[in-house]
Every structure is written in C-alpha cells, then in structure tokens.
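Encoded as structure tokens, the structure appears first; notes follow it.
Each residue takes its place number in the sequence, starting with 1.
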Amino acid sequence: MHNKLLRWFLIFIFPFVASADPGGISTEPEKTLANDEPIKLDNPMSVQYLKKKLRKSSPRLVLTPSLEKKLKKDLKSDPVVQNMYKAIQLNAQEIQTKPLLEREVIGRRLLRTSREMLYRMNILGMVYRIDREEDVLNRINDELVAVCNFKDWNPSHYLDVAEMAMAVALAVDWAGEDLPASTVDLAKNALIEKGIMPSYNENGNVGWISGNNNWNQVCNGGMIAASIVIAEEDPELASQTISRALDGIPHALEEYGPDGVYPEGSTYWSYGTSFSVLTASMLESAFDTDFGLAEYPAFMESADFRVLSVAPSGWYYNFADCGDRRNDNGDLTLAWFAKKTGNEIYYEKERFLQDPQNMGELARYAGAGLVWLSQFEEEAEKQLPETWMGEGANPIVLFRDTNSNYYFGGKGGRGTVNHGNMDAGSFIFELNGVRWVVDPGNQSYHELEKTGFNLWGRCQECERWTLLTKNNYGHSTLTVNDKLHVVDGFASIADFKEGETPEAIIDMTEVFGEDLASASRRFIKENDNSLLIEDQFQTNENTENITWQLMTTANVEIVDGGAILHQDGKQLKLENISHPELGLSIISLDPPPLELDRNIENLKRLEIRMPAYLFPENEGKLQVRLSAAD
C-alpha cells in the first residue's frame with residue numbers, strides 16, 4: 001500500500017526538518033521563532049498511548065456518538081442549531097451542482113482547491129451524518145476519489161497539504177463506514193503518502209512545525225487529523241506525527257500572550273485560531289483530552305481581542321494584513337469559545353438566526369461549527385471593557401464608547417512581526433458610525449506575486465516596504481526625514497491609564513533609529529466626542545524634518561488651524577492645538593503612487609510638516625485634536 005522502508009528512512013534521516021522558508025503566502029510566509037522556549041503542552045503520545053487511548057470507532061473527529069446524539073436532539077428543539085443546519089443543507093445542494101475538483105495550481109498554491117475541499121467535506125459530511133442520503137454519500141465518494149488521485153497536494157506550499165488532509169480525514173471519519181472499501185483505502189493511503197510523509201522530507205517546506213505563525217496552527221492541525229484517521233494502519237507514524245505536533249504547536253500559541261492579541265490581525269486570528277480550535281476539538285473527541293491546548297496562556301482571552309477588534313461600523317481594526325470588514329454571518333470560531341466558557345458574548349445568536357438563504361457560502365469548517373453551537377450552554381454574560389490594552393509582539397490599545405459609536409485603535413509593534421507593516425504609532429478612529437481615520441489594510445498576495453514582486457522579504461530595503469499598505473507613508477503615524485521606519489525597531493506601550501479620560505503612551509524611539517533622540521505618542525480620549533494625539537520628541541543633529549500623517553477617505557476642507565472632514569453627511573474637526581500656524585497639506589493617493597499599490601477610492605494623506613529648526617532646544621511637542629464638528 002505504501003513504501004514503508006522509504007518512509008522510515010525519511011523519518012529517521014530527516015527528523016523534524018524545518019526549512020528556512022515554508023513557502024510564503026496567503027497566510028504566513030516565513031518561519032520565525034521566539035528566543036525562549038514556550039510553555040509545553042502535555043505530550044504522553046507514543047504507540048502504546050495511542051493504542052490505549054484513541055477512541056476505537058468513528059466518528060471521532062470533532063463528533064463522537066454522544067455529541068452526535070445531542071446534535072440530533074437539538075435539531076428538534078434548538079432554533080439556532082435548526083437554522084444553521086438549514087443553511088448547511090442549502091450549501092450542500094449548491095455543492096452538488098458544481099463540478100468535481102481538479103488539481104488547479106494558481107501561482108504557487110493549490111490552496112483554493114484544498115480550501116474548497118475542506119468546505120465541501122464539512123458541509124456534505126455533516127448532512128450525511130444527519131440525513132444519510134445516498135446521493136450525498138455518492139458525492140463524498142466522488143470528491144474523495146478525485147482529490148486522492150491528484151499526483152500530490154502541493155507540498156512546496158504546505159498549507160495546501162494541510163487543508164486537504166483535514167478535508168480527507170473528516171470525510172473518511174464521518175462517512176467512511178458507508179464508503180466503498182476501495183475509497184477508504186485510497187484516502188488513507190493518500191493521507192500517508194501525500195499528507196504526512198512530505199512533512200518528513202527535507203524538501204517539504206516544513207518550517208511551520210515549530211514556527212510561530214498561523215502555518216503552525218493549520219499544518220500541525222491537518223497532520224493530527226490525518227494521523228488519527230490512519231492510526232490503525234500505521235500507529236508508529238501516527239503517534240510520532242501527533243507527538244511532533246504537540247511539541248510544535250506551543251510555538252504558535254505563545255504568540256497570543258500575554259493578553260490575547262493575535263499579532264497578525266483579526267482575520268488571521270480567525271484563520272489560525274479556527275484550526276487551533278478544530279485541533280482541540282479533534283483531540284478531545286479522539287483522546288478525551290486536548291493535552292492543554294485550550295488552557296494555554298492567553299488563548300481563551302484572545303476571543304476578547306476578536307470581539308473588540310470589530311468597530312461599530314462593522315469594519316475591523318484592520319492592522320497588519322487584516323481584511324477590512326467582517327461578514328454578516330455568525331462567527332463559528334467564537335462559538336467554540338462560547339461553548340467552552342458559557343459566555344453569551346461569544347455566541348452571536350442573532351447572526352445565526354438570520355434567513356439561511358442570506359447566509360450564502362458558509363465557513364469551510366461549518367460542519368464542526370454546528371457541533372460547537374449544539375454544545376453551548378449559557379452560564380454568564382461577560383461585559384467587555386471600553387478601554388483595553390493588549391501587549392505582545394504587536395501591542396494595541398482600544399478606546400470605545402457604545403453610546404456614541406466612539407472607536408479608537410492605536411498600536412506599537414515592529415515591521416518584522418508576522419504579516420507586519422511599518423505602522424508603529426498608527427491609529428484608526430471612528431465616531432458616530434463613520435471611520436474617519438483609516439488603515440489601508442491588506443491587498444491580494446497573488447496579484448503581487450505573479451509579477452515577481454518580493455512580498456515577503458522583511459529586510460530594511462526589501463521590496464515589501466515600497467507598498468503603501470506596508471510602509472509608514474500609508475499609515476497615520478510619524479515619519480522622520482521622509483524615511484522608512486526602522487523595520488526592526490519596536491514600539492512598546494509605555495503607559496496605559498483607564499478611567500473617564502483613558503490614555504496610552506507609545507514609545508516610538510526605536511522606530512526612528514539615529515534620526516531622533518527620542519519619540520513618544522500619547523493618545524487621550526478626552527470625552528465621548530474627542531481624541532487628542534500628543535507627540536513628544538527630542539531632535540538631534542540628524543533630524544531634518546518630522547511629518548505628522550493622517551490617512552482618510554473623507555472629503556477635506558482646510559480651515560484656519562486645521563481642517564474639517566466631511567463624510568456620510570457628518571463632520572469631524574481636526575485642530576492643530578500646539579502649532580496652529582503650521583499648514584495642513586492634502587496628498588491625494590487615488591490613484592496611489594505605484595501601479596501595484598492597492599487603489600482605495602478617495603484615499604488621501606493629511607500632513608503637518610515640521611522642520612527641525614522649529615525646535616532650537618531640541619525639544620518638541622505637537623498636539624492635534626479630532627472632535628465632532630457642530
């Protein structure tokens with residue numbers, strides 16, 4: 001069935017090989033490790049443990065017989081579970097009208113195909129578990145045969161392998177007892193030869209094994225799913241792969257610390273965390289323990305970060321390579337946190353109860369998500385704070401007021417963080433439902449890469465920093481001497497105060513290298529209608545000029561001492577309090593400077609330029625207020 005001798009040669013000659021670059025792309029390109037070893041998960045995994053503890057029969061991935069029994073009971077009485085299942089059924093009908101998947105590699109990725117397969121198996125697998133319809137089983141069979149006959153699952157970009165392995169494993173687990181034996185054999189062989197084995201090959205691009213980014217979460221999760229399904233066929237390979245994953249996963253979980261901020265932004269929280277909770281669910285259902293994954297420090301707190309990252313407008317605080325705004329469907333990853341904590345704030349009931357016809361294509365883990373919804377039992381409703389700080393690799397601070405739709409997000413960090421930008425000291429600001437100060441957000445990786453653009457290099461002179469979405473010229477921060485920020489300079493949150501007028505100070509000194517002696521940015525929520533930005537700096541012999549920047553898509557009217565911003569029938573006043581004599585310039589960025597830049601309608605940069613000679617004593621302060629205009 002497979003070449004066992006070759007397999008074990010690879011395992012013992014190349015144990016735990018990690019390439020320097022796991023291939024880069026629509027998720028996380030490079031492996032970077034923390035300096036210190038992270039807290040470990042429990043790891044008793046061995047062949048003996050596997051044979052003793054692994055659940056003996058299917059379903060055992062996310063579902064168990066008892067969980068399935070409860071789910072079927074809830075389908076008769078729980079309106080949320082009923083409604084979501086109707087949406088899943090509609091998705092299943094749509095899937096059955098589509099052609100079978102083909103091995104279509106786009107650029108460097110098979111990822112779109114792998115993700116589509118994971119979506120299809122979640123949807124069709126769940127419908128088959130509930131309704132046992134023969135046409136659904138036949139379609140699962142046909143889908144499995146198609147992808148398992150691909151020549152490979154594109155191991156040069158291991159996310160493709162991981163998501164495909166997760167899909168095939170779920171299909172075999174949820175429908176295998178009724179699938180033809182030949183299909184099950186084909187699928188299990190593919191899980192070994194196309195899924196697990198390339199991760200023991202030095203050419204497998206497997207830096208993710210102990211990397212600190214979302215690749216770790218996705219790829220180790222996919223390998224665990226595959227290993228559980230092939231455990232009876234090859235317990236040695238399965239136990240070694242699960243053990244390797246349990247040792248590797250903490251390197252990614254550590255990034256949530258100390259407060260739950262996911263350094264790659266909210267949408268990447270969704271991607272990485274969804275696979276971590278899938279992994280936890282699979283381990284629990286298969287072994288009756290997740291080996292400490294859910295209790296890893298700051299992991300559960302990250303759900304607060306996810307909820308807090310959505311502004312009243314529906315836009316995310318979209319720092320790093322985060323997407324712009326959330327969709328209208330309920331968040332199924334948060335539903336896992338809801339069932340774990342009993343906290344209703346993570347259980348988006350009204351969104352799950354919307355018309356199933358309006359939900360469109362569901363998340364590709366919707367079948368698992370239905371199980372989590374069924375497990376939710378409300379215990380308490382936690383109120384999230386209106387002022388919040390999260391430290392870590394990409395620290396942020398938030399000020400909110402639900403009554404006035406006030407929302408401010410500011411950040412520190414460094415450009416070299418996973419999916420990071422030169423955006424230290426930047427901020428976004430909403431008032432009365434309008435996003436006045438914007439972050440340019442993310443842009444298509446493939447559209448950049450197909451031109452040969454080096455999107456993932458992070459050196460000071462790397463091509464990534466030519467893009468407006470990535471460099472400091474496209475963010476609401478400070479720029480000194482018209483230069484790029486120091487890519488590895490870290491901006492920390494030096495102070496944070498709560499109360500009626502909360503404030504935060506970000507130390508930006510490292511960001512400017514030798515061009516400033518020191519720099520700090522202070523944000524103050526003066527009241528429910530006003531934000532004060534106060535920059536203090538010490539110049540030196542290298543300082544030529546300092547530029548204050550604000551990014552907006554509003555229409556701007558220059559007035560004495562500042563400007564009035566107009567958008568959606570509302571107004572915001574910008575006042576240069578400390579230096580009203582300095583002019584405000586408007587730099588149109590529509591169209592943007594480079595052809596490869598993201599084109600954002602009506603985007604502009606407002607600038608206050610300060611030559612160094614204004615500060616003969618080397619001490620400077622700039623105060624700018626943003627407030628609701630009459």
Worksheet item: Passes side-chain hydrogen bond (donor to acceptor under 3.5 Å, both in side chains), Asn329 versus Gln354? Steps please.
Response: CA-CA 8 Å; Asn329 289 349; Gln354 67 177 300; 3.3 Å; yes
Fill in: Ionic contact status for Lys411 with Asp439, cut-off 4.0 Å
no
Item to complete: Just jot down the side chain to side chain contact (heavy atoms under 4.5 Å, CB included) partners of Ser266, sequence neighbours excluded, or say none.
Response: Arg306, Ser309, Tyr316, Cys322
Discussion item. Over 60° means perpendicular and under 30° means parallel, so tell me whether Phe429 and Tyr406 are parallel, tilted or perpendicular.
Written reply: perpendicular
Item to complete: Let me see the working for Phe399 and Phe523 under ring-ring contact (aromatic ring centres under 6.0 Å, His included), right down to the final yes or no.
Response: CA-CA 10 Å; Phe399 304 154; Phe523 297 107; 7.6 Å; no
Item to complete: Would you please indicate if the ring centroids of Phe537 and Phe512 are separated by under 6.0 Å?
Response: no
Item to complete: List the steps and the verdict of side-chain hydrogen bond (donor to acceptor under 3.5 Å, both in side chains) for Tyr119 and Asn91.
Response: CA-CA 10 Å; Tyr119 161 67; Asn91 276 234; 2.7 Å; yes
Discussion item. Using 30° and 60° as the class boundaries, would you call the ring planes of Tyr347 and Phe352 parallel, tilted or perpendicular?
Written reply: tilted
Discussion item. Would you say Tyr407 and Ser313 are linked by a side-chain donor-acceptor pair, where the criterion is simply a distance under 3.5 Å?
Written reply: no
Discussion item. To the nearest 0.5 Å, what is the distance between CG on Leu622 and CG on Asp535?
Written reply: 5.5 Å
Name every donor-acceptor pair, under 3.5 Å, that has one atom in a side chain of residues 382-393 and the other anywhere in the protein, sequence neighbours excluded.
{"residue": "Lys382", "atom": "NZ", "partner": "Asp304", "partner atom": "OD1", "Å": "3.3"}
{"residue": "Lys382", "atom": "NZ", "partner": "Asp304", "partner atom": "OD2", "Å": "2.6"}
{"residue": "Thr387", "atom": "OG1", "partner": "Glu498", "partner atom": "OE2", "Å": "3.4"}

Worksheet item: Under 3.5 Å, is there a donor-acceptor pair linking the side chains of Asn472 and Thr477?
Response: no
Worksheet entry | Electrostatic pair Glu348:Arg326 at N-O distance under 4.0 angstrom | yes
Worksheet entry | Derivation and outcome, ring-ring contact (aromatic ring centres under 6.0 Å, His included), residues Phe305 and Tyr317 | CA-CA 10 Å; Phe305 162 75; Tyr317 177 17; 8.6 Å; no
Worksheet item: So, do Phe408 and Val397 sit near enough that their side-chain heavy atoms are less than 4.5 Å apart?
Response: yes
Discussion item. Assess the residue pair Asp324 and Arg598 against the criterion (salt bridge (Lys or Arg N to Asp or Glu O under 4.0 Å)); give the C-alpha distance rounded to whole Å, side-chain angles, the decisive distance to 0.1 Å, and a yes or no.
Written reply: CA-CA 13 Å; Asp324 290 339; Arg598 180 184 182 186; 2.4 Å; yes
Worksheet item: Would you say the side chain of Thr402 lies within less than 4.5 Å of the side chain of Asn405, judging by non-hydrogen atoms?
Response: no
Worksheet item: Where is the tightest heavy-atom contact between Ser404 and Asp528, given as atom of each residue plus distance?
Response: OG-O, 3.1 Å
Item to complete: Any chance you could lay out the side-chain hydrogen bond (donor to acceptor under 3.5 Å, both in side chains) test for Gln217 and Ser276, step after step, and finish with the verdict?
Response: CA-CA 6 Å; Gln217 298 164 279; Ser276 284; 3.0 Å; yes
Worksheet item: What pair of heavy atoms forms the shortest contact from Ala491 to Pro395, and how long is it?
Response: O-CG, 3.9 Å
